[in-house]
Structures are given as C-alpha cells and as structure tokens.
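Encoded as structure tokens, the structure appears first; notes follow it.
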Amino acid sequence: MREIFIKYNPYRIETTVTVDGKAPKQNSRLNFGDRRLQEWIEDLPKILFDECSSREFELTFQGTTPDFEDVEAMCQDAKKSGMEIKLKHIPAKEIADKETAIADIFDEIQAGPFDELKQPDVVKAFTQARNSDFEVNVVATMSAGKSTLINALLRQKLMPAKQEACTATITEIKDTDTTPFRARVYNSEGHLIQSIPDVTFDIMNSLNSNRDVSKVQLQGDIPFVSADDISLVLVDTPGPNNSRDPAHKAATYRMLSESSKTVVLYILNSTQLAVNDDFNLLRHVADSMRVGGKQSRDRFIFVVNKLDEFKKGEDNIKASIEKVRNYLHDNGIENPNIYPASALTALNIRTILANSDDDDDDDVYEAKGKVRKFNRNQEMHFEEYAPLTPSARGEIEGMLADARKRGDANAEALIHCGIVPIEMAIKMYVQKYAKTAKIKNVVDTFSKRLESAKSFETTKQEIATNQDKQKEILATIAAIKKKMADGENAKKFKSRIESINYDDEIRKLADGIILESQKKITAQLSSGKGKMSRGEAEELCKQYARFADNLQAEVQVKLEDLVTNHIHKNAEKLLDEYRAKISALAEDINVGSVTVSPFEIMEGAIDGLDNIEDILEDSAKTEKKKEVVGNHKDYKEWLGVRRWFNSHLGTNFHVDYEVVDDYDWVEHSYIDGTLLSQQFFAPIQEKLYENSNNSVVYAKEQAKNIKKAFAEKFDELDMVLKQKLKDLEDCANNEKNVDAQIQKSQAKLQWLENIQAKINAVLDI
C-alpha cells in the first residue's frame, strides 16, 4: 500500500506532496503549483493511479477542516470506482485564530515606530482588504419564490413577493447587524434620489414599482451571519424576463460569468421546471462551472423551492430532486449542489409563529399545520437530501437534538424545511474561500511595506556603522540622484511608457466576441423560414426580442470584461516599466561596500499601486474634472466601463417585434418568415459591429487615462524616493550620536523582525 502525504496551505495556496516519503519528480502531475486544492482534488485518484500503478493508498492530509472534508469526499467517490484510500487528518490552525491575530498585528503596527506604515494609503488598503464585501446573488425565474426566500433569510417580510411585480429593481442588502433597515435609492444614472432611515415592506413595494428607481442599497441585520465575521451582501436581481433597465439583465449575466467569484443562489420552482427563461441563464451557469474545478461548482447553490407542494400519490421528494438533477444535466450542469426547500414555511415560522400562538388566526393555524407536516413525515426532512459536509451535518444534528429536547417544534421544522442548510452552505463557502482569500490579502498588504521599511532601516544602520566610508556612501547617493535627474533617461522612460499598447489584441478579441454573436444570430435566422400569418409572425418576433435582450446582456458583459482586462494589462505593464526604471538606478554604481538599493527601499510603495480604481479616482479628484466617462463616481464603478456600456448599448440594441407592421399587407396576405427574420436582425447586426468598434475606442481612451494617472503616481513615488535619499544623506553626514543612531536602528529592525514573524505565522498552518 503506497503512502501519500499532502500538506495544503489555503492561505498561501501551497501544496506539498510526498509519495512513500519522497517528493514527486519535477514533471509529475502531483506538483500542483499555486492551484487551489478544489481545482485538482477530484482528479487526484486518477493521478495517483497513473503515477503509482496502485489502487490502494494510505493518505495523510494536513490542512484545515473545510479542505479536509473535500479530501474526504474525494476518497468516498474514489471508492465507488474500486480505489481504496485510507485517510488520516493532521489538523491545522483554523481561520478564527488568524483573524484575531491580524487585528492585533494591525494595532501593533499603528502604535509602532514607522510613520510610513501609518500613512492613509496604507491604512486604507488594509481596511479595504479586511472589510471587503462578499456578495451572494439571488437569481430566479418568475414565481420561483425568490423574494420569499430572501425574506426567510432576513427573518422578516421586507422584499415584495407579488408575482406581477417581483424585483423590478436591483436591491443590495448589506449586513451591518443594525436595526431597522435603512436605504439609499438610486436612479438609472446612478444618482442618489432618496435616503430612507426606516424601511418597511410597504416602502420597498413602492420603490419596486417606481419606474424612476433602478437600485436600492439596504443596510441592516442579516441574522444568520455576523458583520464582524464577514461583510455579507445579498443581491436581489431582477428575473430574466422582468427587468425595466437593460443594465439589470447585464448584472445577472455578470455575476453568472466565470470571472465572478460570488456565490449564486439559483432558485428553481419544483412545480414548474423547464421554464423558457431558465435555458439561457443555465447555459451560462454551465459554462462558469466548467472552469475552476470544485470551487466553481461550490459557488452555485441550486435551491429547489416549493418542494412541499406535491400531493400524496404524486412524485416523492427523492424523485423530484432527481428530476431537477436530470433537468440541470440536460442544460450542461454536472454534479450540482441541490438544496431542497420550502421558503414560505421558513418565512412563516420566523414571522407568523414567532409573533403569535393564536390557533383562531387562520395564518397561524395554517403555519402550524406545515410545522406538523415537516416534523412528522421523514420524507419531508429536507436537510437529509442537502449536500452538507460532515461538520455541517454534525452541527445540524446537534441543532435538531437540542430542538427536540426543548420541545421546540418550530425550530425543528425550520431545519427540516431546508432554510438552515442553505444558510450553512453560504457560510461554508465564505469559510473555505472568501475568508482565506481575505486573510492573504490583508497579509500581502503589509508584507511588502514591511520589507521596504526593513531595507531602508538596514541601509541607515549600515551607513551609521560605516562612518569611515562616508565619502563612498555620499558618492553612491549622489550617483543615484544624478541618474534620477538625467533628462535623457527620463525621455527613454517616457518613450517606453508611450509605446505600451494592446490595441491589436483588443481588436482581435472584440472581433471574436462579435463573430460568436453572429453565429447565434445565424442559428436564429433558420427558425424564420416559410410563410406565416400575422399572429405567427408577431409570436416569432417576441421570441426574437427575448433572444436579442439576452444577446445584448451577454455581449455587454463579454466586452466589458475585455475592456477591463485590457486596462489591467496596460496598468501592470506600466508598473513593470517603473520597477525596471527604479532598479536601473543602482546599476553600474560601484563606489563602496555599502549597498543602497532604491528598488528595495521603494518596492512596498510600488506594489501598493495595484488598485487601479483608486488611482484613477485620485487622478480625477486632483484635476477636479468631470469628463471622459462622467463624474469621478464612474471610476469607482469599474473605471466607468459598466456605466459606459449602459449608455452606449442601452435600448438601441433591442428591436421590437413591431417590425411586423412594416409589412405591405395590401400586396401580401402572408408574411415571408425569411425576409422578416433578415429585417429584424439587420439593425442588431449593425449595432454589434458598432459596439465592437466603440469598445476598442473606449479601451484606447482608458489606456491614455491610465498612463496619465500612473505618471502622476510615478512622480509622487519619485518624490518619496528623493526624500528617502535625503534622509540617507543626512544619516551619512551626521557624525554626532552615532552610537545612538545605531541603537535606534537596531531597535526598529528588531521590532520589524518581530512583526514580520507574526505576519508569517498568520499564513502558516
């Protein structure tokens, strides 16, 4: 039996593997590099068999509990294919310990001796990394019970749930652990039009039916999470066929795209599967789930709602879930995470039964009937069908035992009706992916800054301890300053900056997106052949209009991703050029044994320029301009890309089926389907090419803006470097209190060593 050892660190994304105590060969597939465990764990049995020619293994896994449970699930699946894997677990430090340590380290740094680690930009970067929002997007077709489910999660009736008016706006619900809910209301232009301190169901219903309202941002208490634990945001998106604003449909496609890392609660109506609105969205879900391994599947939680509405003699629960599984399979979705639920039962328990026990009240009587139904019927214990991890299942069993011990029928039914497992699934994803990423981001925020501070302080100490080499040190600093002031070098750097462009690449990629869209239109054109009546033609055009709306959203998201990637590539290249420029300052300078490295001194500040949004926003504020994309708020909304697309694509892309009225009914008693289809899609095809051209033009304009904004930041960094060099000169010229200088530097370096050790320990398991 072969012995396999795997140590996986989810914070550093590092994997160590040994086979029978030896590291795998360099070309082995067991070298997983910087890939997440969830990206390769399902392939591990086949890799082990191919590399070891064995079906029997003893696997020891060192890692966190959430990751171990994924390894455990892999071993169980491998057993079905005839492989025997005996599993052992070496526990690792869990996330809660690390979050406490991070907060303590931050406080220690802010009280420490380095002013550069207390600058507003450093504090802002740390705060953003620590408090970043985590979105859970809720999407569903009409009548699936989306608003009811959200209300059940909120434990109050807040979101309107009338079928004819469901979710005409986008509502973002941010957890702040405060009551009551307060709201900020925005129109389609992104302008704040109203602030409401105490939001009620009636107010939300009014906002939802107000055509001037495009987005509502709520802040309040989402009870199943703590704001101190994670900054959770529930996003209630319009249904695919119920959106007043073209931007809303694009928002749905955006959060379904493979580039998104948000959790998606996709709600299906168990009594009404195979709704036309589902097909296009599920195809995008399938595409996203094929990329990124298990993590991509984990982020999609399929809630099968209204599963309690079957009558006796009809499908049983197990058969109904299997029907949903087959339905998703037919739409290209493999191994979905299916959670059965009765959102209405959960809502009634958390609202009606939480406030009244009066059996004479019809609502109370009906809600109690559902409680009895769930508690008495084993088949209605939905938690047993949910794909919970062993630790989550153990927690559920403990909650059930406690509810039964207390005789709390409502608490027991709440678990059985599926809402608690759904809440656990969200928290499980947050624990496994969002929190580990957040911890790494926080640590990275400080690590480079600490390294730069250490390099600068080390240089000062070397200068203080080498007073006999004062002339050499001052000559080195003078040579560096001379290079910085060299006009010829400045011209060369500016020339390299100006030469950066990916224009040909973005044109080629944009054309590829349009070509794919054209293929889809061509496929649609084939459905319009033959003669048809006016009624048939109008129905066909309605079908075309739905297709055009979906295509609009799809193209918009793909093009905006393309533009955003183009912007980021330009920014990264600019940073590379500046790194090269700073590194070159120390080249060919050899006047003594004391090293002065401008790059090491500045590396932390350079790496701090990775937030493109903030850089562009600062640039806009500096010049106090409101142009290019709009006001500076555009820069906070992905560099204005989305707002730009909304204004350029808009409703012009949509063609109404009134094109039927253009027909000459005097000469024809029928409509030629082929001609009608061509007439319908001609302006759409023209608009596609126009959008492609506009995207390229916009990307080029943004590239110019980025170069300008980064040039300003580079000037600021040059000033910082000059000041540091002056500090080093002062240190070299200061012949008094040398011993005191050395002692001070040693103390500061020791402080840095201690802090770095603590930060490194945060990422250790």
Side-chain angles (χ1 to χ4, degrees), residues 10 36 38 41 64-70 72-73 95 134-140 144-146 148-155 173 175 222-226 229-230 232-236 255-256 260-268 270 285 288-289 292-305 307 317 321 324-325 328 333-343 345-347 350 381-400 414-437:
R36 274 194 172 276
Q38 286 73 22
I41 190 63
T64 62
T65 298
D67 291 324
F68 171 72
E69 289 178 334
D70 284 339
E72 196 172 30
I95 288 171
F134 182 77
E135 289 186 2
V136 175
N137 293 275
V138 190
V139 64
K146 172 162 58 79
T148 304
L149 178 67
I150 294 175
N151 287 336
L153 294 173
L154 298 178
R155 303 183 188 181
I173 310 167
D175 180 43
I222 301 178
F224 73 92
V225 292
S226 166
D229 191 42
I230 188 73
L232 190 72
V233 181
L234 286 175
V235 183
D236 186 13
M255 60 90 173
L256 292 178
S260 173
K261 298 302 179 186
T262 61
V263 164
V264 176
L265 283 184
Y266 197 112
I267 307 173
L268 296 159
S270 65
V285 171
S288 292
M289 288 177 67
K294 190 176 187 301
Q295 180 176 0
S296 295
R297 291 203 307 280
D298 281 353
R299 81 179 186 92
F300 287 97
I301 299 171
F302 294 94
V303 178
V304 185
N305 195 25
L307 206 54
I317 302 300
I321 293 174
V324 172
R325 195 177 304 278
L328 294 175
I333 295 172
E334 303 292 341
N335 302 318
N337 294 307
I338 297 175
Y339 286 77
S342 172
T345 299
L347 178 61
R350 285 177 163 173
H381 294 182
F382 289 169
E383 77 280 1
E384 295 182 3
Y385 307 97
L388 296 169
T389 62
S391 60
R393 194 165 296 284
E395 190 176 345
I396 285 276
E397 290 171 357
M399 294 168 66
L400 279 172
L414 198 61
I415 295 170
H416 293 326
C417 72
I419 193 70
V420 175
I422 291 169
E423 292 172 343
M424 282 191 168
I426 295 171
K427 290 193 288 187
M428 181 176 64
Y429 187 94
V430 168
Q431 184 88 354
K432 192 188 301 183
Y433 302 110
K435 283 195 172 185
T436 53

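All of these numbers come straight from a predicted model, not from anything done at the bench.
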Pairwise side-chain contact, Val285 with Ile333, heavy-atom cut-off 4.5 Å (strictly under): yes
Beyond-backbone contact of Gln38 with Tyr433, side-chain heavy atoms, under 4.5 angstrom: yes
Distance-minimising heavy-atom pair for Ser342 and Phe382: N-CE1, 3.9 Å
Side chain to side chain, Ile267 and Leu149, heavy atoms closer than 4.5 Å: yes
Between CD on residue Gln431 and OG1 on residue Thr436, distance to nearest 0.5 Å: 9.0 Å
For Asn305 against Gly145, the heavy-atom pair lying closest together: ND2-CA, 3.6 Å
Partner set under salt bridge (charged side-chain N to carboxylate O under 4.0 Å, His left out) for Arg350, not counting sequence neighbours: Glu423
Interatomic spacing from CG in Asp236 to CG in Asn151 - rounded to 0.5 Å: 9.0 Å
Derivation of the side chain to side chain contact (heavy atoms under 4.5 Å, CB included) call for Thr345 and Ile419: CA-CA 9 Å; Thr345 299; Ile419 193 70; over 6 Å; no
Closest non-hydrogen atom pair between Ala152 and Ala343, with its separation: CB-O, 3.9 Å
Min side-chain heavy-atom separation Val264-Ile301 under 4.5 Å: no
Cationic N near anionic O, under 4.0 Å, Lys432 to Asp67: no
Validation row: Tyr339, Tyr385 side chains within 4.5 angstrom (heavy atoms): no
Which atom of Met424 lies closest to which atom of Ala392, heavy atoms considered: SD-O, 3.8 Å
Check: Ser391 main-chain N/O paired with Glu69 side-chain donor or acceptor under 3.5 Å: yes
Criterion side chain to side chain contact (heavy atoms under 4.5 Å, CB included) on Phe134 and Val263, from CA distance to verdict: CA-CA 8 Å; Phe134 182 77; Val263 164; 3.7 Å; yes
Close side-chain approach of Leu153 to Phe224, heavy-atom, < 4.5 Å: yes
Any side-chain heavy-atom pair of Asn337 and Asp298 under 4.5 Å: yes
Validation row: Ile396, Ile415 side chains within 4.5 angstrom (heavy atoms): yes
Worked verdict on Ile426 versus Leu265 for side chain to side chain contact (heavy atoms under 4.5 Å, CB included): CA-CA 9 Å; Ile426 295 171; Leu265 283 184; 4.1 Å; yes
All side-chain hydrogen bond (donor to acceptor under 3.5 Å, both in side chains) counterparts of Glu72, not counting sequence neighbours: none
Parallel, tilted or perpendicular: rings of Phe302 and Phe300 (30°, 60°): parallel
Side-chain H-bond candidate by donor/acceptor type, Arg297 with Ser288, under 3.5 Å: no
Residue pairs, two or more places apart or on separate chains, that pass salt bridge (Lys or Arg N to Asp or Glu O under 4.0 Å) and touch residues 381-400: none
Minimal non-hydrogen separation, Leu307 against Ile317, with atom names: O-CD1, 3.3 Å
Heavy-atom pair of closest approach, residues Pro336 and Arg325: O-NH1, 3.7 Å
Leu232 and Val136: CA distance, side-chain angles, deciding distance, side chain to side chain contact (heavy atoms under 4.5 Å, CB included) verdict: CA-CA 7 Å; Leu232 190 72; Val136 175; 3.5 Å; yes
